[in-house]
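Remarks on the structure that follows.
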Amino acid sequence: MLHKAPRGTADVLPEEQKYWRYVERQAVDLCRRFGFQRIDTPMFEAAGLFVRTVGGETDIVQKETYTFEDRGRDPLTLRAEGTAPVCRAYLEHGMSNLPQPVRLYYFCPIFRYERPQAGRYRQHHQFGLEAIGDADPTVDAEIIQIAWLLTQELGLKGLSLSINSIGDAQCRPGYLREMKAYYQPHLEHLCVDCRTRYENNPLRLLDCKQATCQPYVGGAPVATDHLCSECKEHWTRLQDYLKLAGIPYQISHRLVRGLDYYTRTVFEIQPPEEGGQSTIVGGGRYDGLIEALGGRPTPGIGFGSGMERLILNLKRQEILVPEEASAPVVIACLGEEAHTQGLKIAAELRKAGIPAIIPPASRSLRSQMRYASAMQGRFTVILGENELARGAVVVRDMGAGTQEDVPAAGLLNYLLARSSR
RNA sequence: GUGGGCGUAGCCAAGUGGUCUAAGGCGCCAGGUUGUGGCCCUGGAGAUCGAGGGUUCAAAUCCCUCCGCUCACCCCA
């Protein structure tokens, strides 16, 4: 084969489309009910955007971005993440002058150069949303509630919602010192990855899955024990609101997220199955992000949800989604004149919103009927010399196997009257 | 980047050194007497057996290299 879709990318074939449209419809409706508005940002950004926000030491910018220079030598990066571009747009368009928080949602492709595997791609798609401009924990609760409702309204069962707080610029440094102090004596017993984590991102020591590191993880300092008073209050109130909203969360002290910009609240939704690439929703608060982009200090919180992973779970749980395409009326024509007449009829039906297909003119009636049968439409229209002479068409009910003459002029109404399926 | 599994037509798949100028099934196209589908029957198109090299009188079948797919790690949605 000469060309294949690039590694880690996938074609969404017609039979897959119903899943995508289903998730989109549910998500859009949820956003509507919570007063969120859609935003679309470009598929690429100035390369510096992700370095500044996601963090220069994170894996995403270290080794996963698609970065290139365009013909004008501008360094660009394919969107590696959803939040930073939205925050950029917030700043660029002065959205701090809108009533806060500004509630935005998006669907977009995300590009990361990774080795693909189940549920992980080099181009994947996220539904995400952001509430920018207010630090109150009620906003956190609202965002988490939307994430939870999304999964529930899609029909997914057995999911778990984990939350944690990783503090802010005030209290986190102290916590990180505690972590390093705790781990320091054990350094030589840690796995290779954890030794680099110790240097670069001590928080990540907590979610190491190596068996040899587990004993140390268990006794490690807990982030929520080291929160400053403001973070502590935020954390407590968030939980109050979640309880009030009836959101079944669990606290996971080991939940940290890989992007540098997170502060305070972080959360994830996991499906029941075990396995690495499973997170279907991930998000958190990013109170320093806008400031890092050169704006006034502005809090924000949001989440991203992987469309492919949502759909994967819909299929695993055998959740039925509505069918998309309505089957067309096939107009079988015999002879040149009938074919010409058929084209007129097809145009009329299409104008009225009824999908219609005319098989290639060279085919026999038998072949056209076979084709019509395969299309699964309820009605097939047959048009030949005889019908032309009578000024009528034959309408065959493919399910019932019956057919009747219908005056050509009355066909549209005949079909419309029966199009309720 | 590291490790495991796998690569025969659009899909599923038999074949593990000669009888393979590669079985079968699905799907596709055509036909089954004059203008009618779904079942059935017949025929056809479609494969440089992932690619290249090697071993051998002989390779889809053995060896090497590469490529691709896939699963896992890392990380993340």
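Letters A, B, ... mirror the listed sequences (proteins, then strands); counts begin at 1. These figures come from a predicted structure and were not determined experimentally.
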Using whole Å, what does the distance between atom C1' of nucleotide B:C29 and atom CD of A:Gln368 come to? 14 Å
In terms of side-chain heavy atoms of [X], which of [options] is nearest?
X: A:Ala118; options: B:C76, B:G37, B:A72; value: B:A72
X: A:Arg363; options: B:G1, B:A30, B:A77; value: B:A30
X: A:Thr279; options: B:A30, B:A77, B:U70; value: B:A77
X: A:Arg115; options: B:G38, B:U36, B:U2; value: B:U2
X: A:Arg112; options: B:C75, B:C76, B:G68; value: B:C76

Which nucleotides of RNA chain B pair, in dot-bracket form (Watson-Crick or G-U under 3.5 Å, | meaning another strand): ((((((((.[[[..)..(.....]]].(((((.......))))).....[[[[[..)....]]]]])))))))....
Please state whether the rings of A:Phe303 and A:Phe267 are parallel, tilted or perpendicular, taking 30° and 60° as the class boundaries. perpendicular
For A:Met307 and for A:Ser367, locate the closest nucleotide of RNA chain B by heavy-atom distance; then report the residue assigned to the nucleotide nearer the 5' terminus. A:Ser367
Where each residue is assigned the nucleotide of RNA chain B containing its nearest heavy atom, which of A:Ala5 and A:Gly304 is assigned the position nearer the 5′ end? A:Ala5
Ionic contact status for [Y] with [X], cut-off 4.0 Å:
X: A:Glu153; Y: A:Arg33; result: yes
X: A:Glu142; Y: A:Arg103; result: yes
X: A:Glu45; Y: A:Arg79; result: no

Hey, does the side chain of [X] come within less than 4.0 Å of [N]'s phosphate (OP1/OP2), counting only N and O?
X: A:Arg396; N: B:G37; result: no
X: A:Arg197; N: B:C75; result: yes
X: A:Ser364; N: B:G31; result: yes
X: A:Gln117; N: B:A72; result: yes

Expressed in whole Å, how much space separates the [atom1] atoms belonging to [N] and [M]?
N: B:C6; M: B:C49; atom1: C1'; value: 15 Å
N: B:U42; M: B:A51; atom1: P; value: 33 Å
N: B:A58; M: B:C69; atom1: C1'; value: 31 Å
N: B:A9; M: B:U65; atom1: C1'; value: 27 Å
N: B:G25; M: B:C64; atom1: C1'; value: 36 Å

State yes or no: are the ring centers of A:Tyr105 and A:Phe36 separated by less than 6.0 Å? no
Please find out if less than 6.0 Å separates the ring center of A:Tyr182 from that of A:His186. yes
Quick one: label A:Tyr121 by what it contacts on the DNA or RNA (base, sugar-phosphate, nothing), any heavy atom closer than 4.0 Å. base
So, does the side chain of [X] form a donor-acceptor pair with the base of [N] at under 3.5 Å?
X: A:Glu387; N: B:G35; answer: yes
X: A:Arg309; N: B:C76; answer: yes
X: A:Arg370; N: B:G32; answer: yes
X: A:Gln403; N: B:U36; answer: yes

Counting C-beta onward and ignoring hydrogens, is there a side-chain heavy-atom pair between A:Glu16 and A:Lys315 closer than 4.5 Å? yes
